[in-house]
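The structure appears right after this line, and notes come after that.
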Amino acid sequence: MSDLNKLGLAEARDALRKGDTTSVELTEACLSAIDAADALNAFVHKTPEIAMERAKAADERIKAGDAPSMCGLPIGIKDLFCTKGVPSQAASRILEGFKPEYESTVSQNLADAGAVMLGKLNMDEFAMGSSNETSVYGNAISPWRRGNDDTPLTPGGSSGGSAAAVAADLCLAATGTDTGGSIRQPAAFTGITGIKPTYGRCSRWGIVAFASSLDQAGPMTKSVRDAAIMLEAMCSHDPKDSTSADLPVPDFEAALTGDIKGKTIGIPREYRMDGMPDEIEALWAEGRKMMEDAGAKIVDISLPHTKYALPAYYVIAPAEASSNLARYDGVRYGHRAKLSQGDGITEMYEKTRAEGFGAEVQRRVMVGTYVLSAGFYDAYYNRARKVRALIKKDFDDVFAQGVDAILTPATPSASFGLGEMTDADPVQMYLNDVFTVTVNLAGLPGVSVPAGVDKQGLPLGLQLIGRPWEEGDLLNSAFALERAAGFVAKPAKWW
Amino acid sequence: MLDLTYDAPKPKTIAGAKHDWELVIGMEVHAQVSSKAKLFSGASTQFGAEPNSNVAFVDAAMPGMLPVINEFCVEQAVRTGLGLKAQINLVSAFDRKNYFYPDLPQGYQISQLYHPIVGEGEVLVEMGEGVARRVRIERIHIEQDAGKSIHDMDPNMSFVDLNRTGVALMEIVSRPDIRGPEEAAAYLTKLRQIMLYLGTCDGNMQNGNMRADVNVSICRPGDYEKYQETQDFSHLGTRCEIKNMNSMRFIQQAIEVEARRQIAIVEAGGEVVQETRLYDPDKGETRSMRSKEEAHDYRYFPDPDLLPLEIEQAWVDEIAANLPELPDEKKARFIKDFGLTDYDASVLTAEVEAAAYFENVAAGRDGKMAANWVINELFGRLKKEDHDITESPVSPAQLGGIIDLIAKGDISGKIAKDLFEIVYTEGGDPAEIVEEKGMKQVTDTGAIEAAVDQVIADNPAQVEKAKQNPKLAGWFVGQVMKATGGKANPKAVNEIVAAKLGL
């Protein structure tokens, strides 16, 4: 077989089981593709030895007829996941040289399912960003371009390296994490599928924390079926994470019938934003029609507190982050600033954190510290928590009215050029998350499906939001949308 | 249980230069939960281990590590709450208290600010017979301890030991109901006693397993009563918190010293500044701990890594049903069932092991006599050698055996003391020792009469004198006791001597 790296998980799995190829061949194809794609800056720590070792072991298991669900399938792991003995630095200077002595539950689950880790993927520093531009490794670059314009584009963020790697066929799939849209936005920007499961589905243990009440891991894949396969392998109840749900993990792939007849799809009117590009509007309308044609009942719904979601998110997430990032102090691991004669512990903290954290992380730590400080707590943090409860109630109400899934655009625009937002107000960048943060605030599952291209040929995605714990049903709706949209575009190789 | 009524003790009064002042004290007691593992990790809590050997990844705040509550620690907090007759909150929650310090790896302490696991309770603090202060408990919450920074091992570096990091503490917060240094010490002693009964804290103050932050303020006589009526703190003076005290003696000194400092300030027309202070026992003064510009804003917020802690009423009921008898109840029962004095009952119930020892001795015997022997002979002897009751070489059965021999009239009280010393130093069964060593009391009147007759026959001059002066009969009694090796029943000897001398 040729171009093995271009396969998706399901195709590769089937080929492996039929004996058409081996994990070693698949892995070698991906490793070659990775080595030829340094221009994308997607993989920031390559682990070819681990990959080959696991590939060989996988081939043995396949031969022995003992192949678990992802046996022999080469994937990339976002740098936010702690991987034993492998640099895991959340794309931050402050974790320079950090090699954990432990493996995150999710990456361990994947390894247990037989997946082959190719290396660690670029991302925004501590997952804070929407363009991968805050990474200490430099930004990952999207394999997509605007027609013949060679302006480098963002793969989105924070899981930008994962998106670029999957879209450019450097791996079959990748892990991402999503705190406010960090799986779904880059998936939409790069024409791939990404799902953030219900909060509590994937263990957070061993994933560097950004905002603990919002963070969830999820797969970034080349198809909805692949997302179902990989999500199932990632999920588990983990006693090491108190917020992990003690629920059985269903067979998500089995839910993919493509039949959504009789399902009710809600179209929230509050997601129609002022100044939204016509192309996004048109894509959303097409999506609505596709779902309708597939037999779903379409209803217009209202999620009245949507407009407060972004401000609430940008209070809650930085508040939690300011506390979660306090442990990076130069005392025990990672970067420690060189000190001058006479410097004490305060200088060590200040210099270490000033050098170790980039500008966006510093901004969020400052914002978070501010909103939690005495005299402001009620006005900001507590109020944001109340807003969050209202947003969750908005969703509960429409689900109670019989809505099975909600269809929205995934992002307010297609991918933009790297550096184009550098001088903009940070809030402009935060607006990228406007359609996705509500889902994190409400703890719901959300999936981004590639559904079309803009006039410059860049991918656009639609988002489906599901009921809590019903990822199978949500993925089936996504599967129907994927079939109807028939998105097949691939970036032309320039790297 | 006896319904004991108590009078409130008089508050401590300090005479200032201008007038008298009273003290108002509230305490925050940090008690380490007796648990083998830490509050949110499986690491050991063993004291005195090699530095940084009892540290799990989560204790060192490694990236991505998450806390998981130790259910045993929760149970101990509930037990303690029940022991203090406090409200148990079925839903509580953990908050983060944020500050930077090298011995606090997470950069925050996980505590319970907004929703503590235990609410209001009460501790009866006895200050002598029939006198007691009722100290209200505001709350008990569970939280993580910090590690230890060591600054004096190297001229250029500080060292950090994370063994204590994450160990479970109960913070027991009182209302400002304590009115003097002695009351403060008595309150702490009582808390310690209750927790030792419950087994929830080992009470070891020297190791820092129990320590207190003491809030001290002063007020004019009469003002405290106004506060009591209204619960309005403006009637009280501004308080200062003396941090981290782990000696009963220093706590009392520090309260007195701090109160005098505040009195001097106020009488000089100044104002007490609310702040945290440290007591320096060498200099006998308290001093300010941190300057204002470094005043902490702890930015408390609910810990998103932990779900609210929900416990079942049935579980609480089960813990309550298995609670041991507590000091107040035990003392009341000792008074009622054994006819003990208030004082003896207090002494015997001070430690649960001593109370159990006493009960074993007293079972089926005269309670007062058992109390006298345990308190006067046993405790006295143990104290001489600095032993505690658990180290007693005399078992309750042995001591009971000695008391039985007295009761039967086999030995006199005086011989019993000799016997006790033999049992204490050499061991053995008291009855057998008495047999072997021929220590049995002579109650055979024939033998005593013979001995009396002999003494009278040998001392005719003394007999004449005694007839003039009956007080001299005692001399004959002494001679008879000597002749019988102290084994003659003294009562019988007295009677026979008197009869023979015709007195």
Side-chain angles (χ1 to χ4, degrees), chain A residues 80-82 88-90 92 95 98 100-102 104-105 200 203-209 211-215 238-244 316 319-320 322-334 341 344-346 348-349 353 368-377 381-382 385, chain B residues 40-42 52 55-71 93-110 113-114 147 149 151 156-160 162 165 290 293-310:
Chain A
L80 203 63
F81 293 79
C82 288
S88 306
Q89 64 179 90
S92 180
L95 276 170
F98 177 64
E101 288 183 42
Y102 45 89
S104 80
T105 299
S203 169
R204 294 183 296 111
W205 193 87
I207 301 174
V208 174
S212 312
S213 74
L214 301 159
D215 296 343
D238 184 1
K240 291 185 288 189
D241 173 2
S242 309
T243 64
S244 160
I316 291 169
E320 293 183 12
S322 72
S323 177
N324 281 337
L325 269 57
R327 65 188 57 200
Y328 307 107
D329 56 8
V331 175
R332 299 169 310 288
Y333 48 76
Q341 194 64 36
I345 187 67
T346 306
M348 184 171 123
Y349 288 146
R353 289 166 67 83
T369 303
Y370 180 83
V371 299
L372 289 176
S373 57
F376 298 103
Y377 181 86
Y381 185 75
N382 238 357
R385 291 225 303 169
Chain B
F40 294 112
S41 85
N52 295 308
V55 186
F57 289 136
V58 65
D59 303 322
M62 300 303 278
M65 294 298 95
L66 298 171
V68 176
I69 188 78
N70 176 345
E71 193 182 310
F94 292 98
D95 304 296
R96 292 184 183 177
K97 177 181 180 177
N98 295 282
Y99 65 95
F100 283 92
Y101 208 67
D103 59 25
L104 186 76
Q106 294 168 139
Y108 53 84
Q109 178 195 32
I110 306 177
L113 176 71
Y114 297 109
S149 296
H151 302 295
N156 299 313
M157 280 187 282
S158 287
F159 294 92
V160 177
L162 299 181
T165 303
R290 43 177 100 91
E293 56 266 35
E294 280 193 54
H296 279 139
D297 177 350
Y298 290 120
R299 291 171 285 122
Y300 277 101
F301 78 107
D303 191 327
D305 284 333
L306 292 159
L307 299 172
L309 179 58
E310 293 182 29

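Each chain gets a letter, A, B and so on, in the order its sequence line appears, and its residues count up from 1.
When all heavy atoms are compared, the tightest approach of A/D241 to B/V68 is N-CG2, 4.4 Å. The minimum heavy-atom distance linking A/I345 with B/P102 is given by the pair CD1-CG, 3.4 Å. Nearest approach of B/Q106 to A/A326, heavy atoms of both residues: O-CB, 3.6 Å. Taking both residues in full, the closest heavy atoms of B/L306 and A/S242 are given as CD2-OG, 3.7 Å, listed atom of the first, atom of the second, then distance. Nearest heavy atom pair, residue B/D297 against residue A/A374, reads OD2-N, 2.7 Å. In terms of heavy atoms, A/R385 sits closest to B/P302 at NH1-CG, 3.5 Å.
Only the backbone of A/A319 comes within contact range of chain B, judged by heavy atoms closer than 4.5 Å. Both the backbone and the side chain of A/R204 come within contact range of chain B, with heavy atoms under 4.5 Å apart. Using a 4.5 Å cut-off between heavy atoms, A/Y328 touches chain B through its side chain atoms alone. Of the atoms belonging to A/L95, it is side-chain heavy atoms, and not backbone ones, that fall under 4.5 Å from chain B.
Residues A/Y377 and B/R299 bring no donor and acceptor atom of their side chains to less than 3.5 Å of each other.
Between chain B and the residues A/G206, A/P239, A/A209, A/S323, the most heavy-atom pairs under 4.5 angstrom are made by A/S323. Comparing A/L325, A/T369, A/L80, A/N382 by how many heavy-atom pairs each has under 4.5 Å with chain B, the most go to A/T369. For the set A/D215, A/V371, A/V208, A/N324, the entry with the most heavy-atom pairs within less than 4.5 Å of chain B is A/N324. Between chain A and the residues B/N98, B/D303, B/I69, the most heavy-atom pairs under 4.5 angstrom are made by B/N98.
Atom OG of residue A/S213 and atom CG of residue B/L307 lie 11.0 Å apart, to the nearest 0.5 angstrom. Expressed to the nearest 0.5 Å, how far CG of B/D305 lies from CD of A/E320 amounts to 8.5 Å. Between A/K240 atom NZ and B/F57 atom CZ the span is 10.0 Å, to the nearest 0.5 Å.
Ring geometry for B/F301 against A/Y381 counts as perpendicular: the plane angle is over 60°, on a 0 to 90° scale with 30° as the lower cut.
Between the side chain of A/R327 and the main chain of B/M62, a donor-acceptor pair closer than 3.5 Å is present.
Residues satisfying the ring pair (Phe, Tyr, Trp, His ring centres under 6.0 Å) criterion with A/Y333, sequence neighbours excluded, are A/F98.
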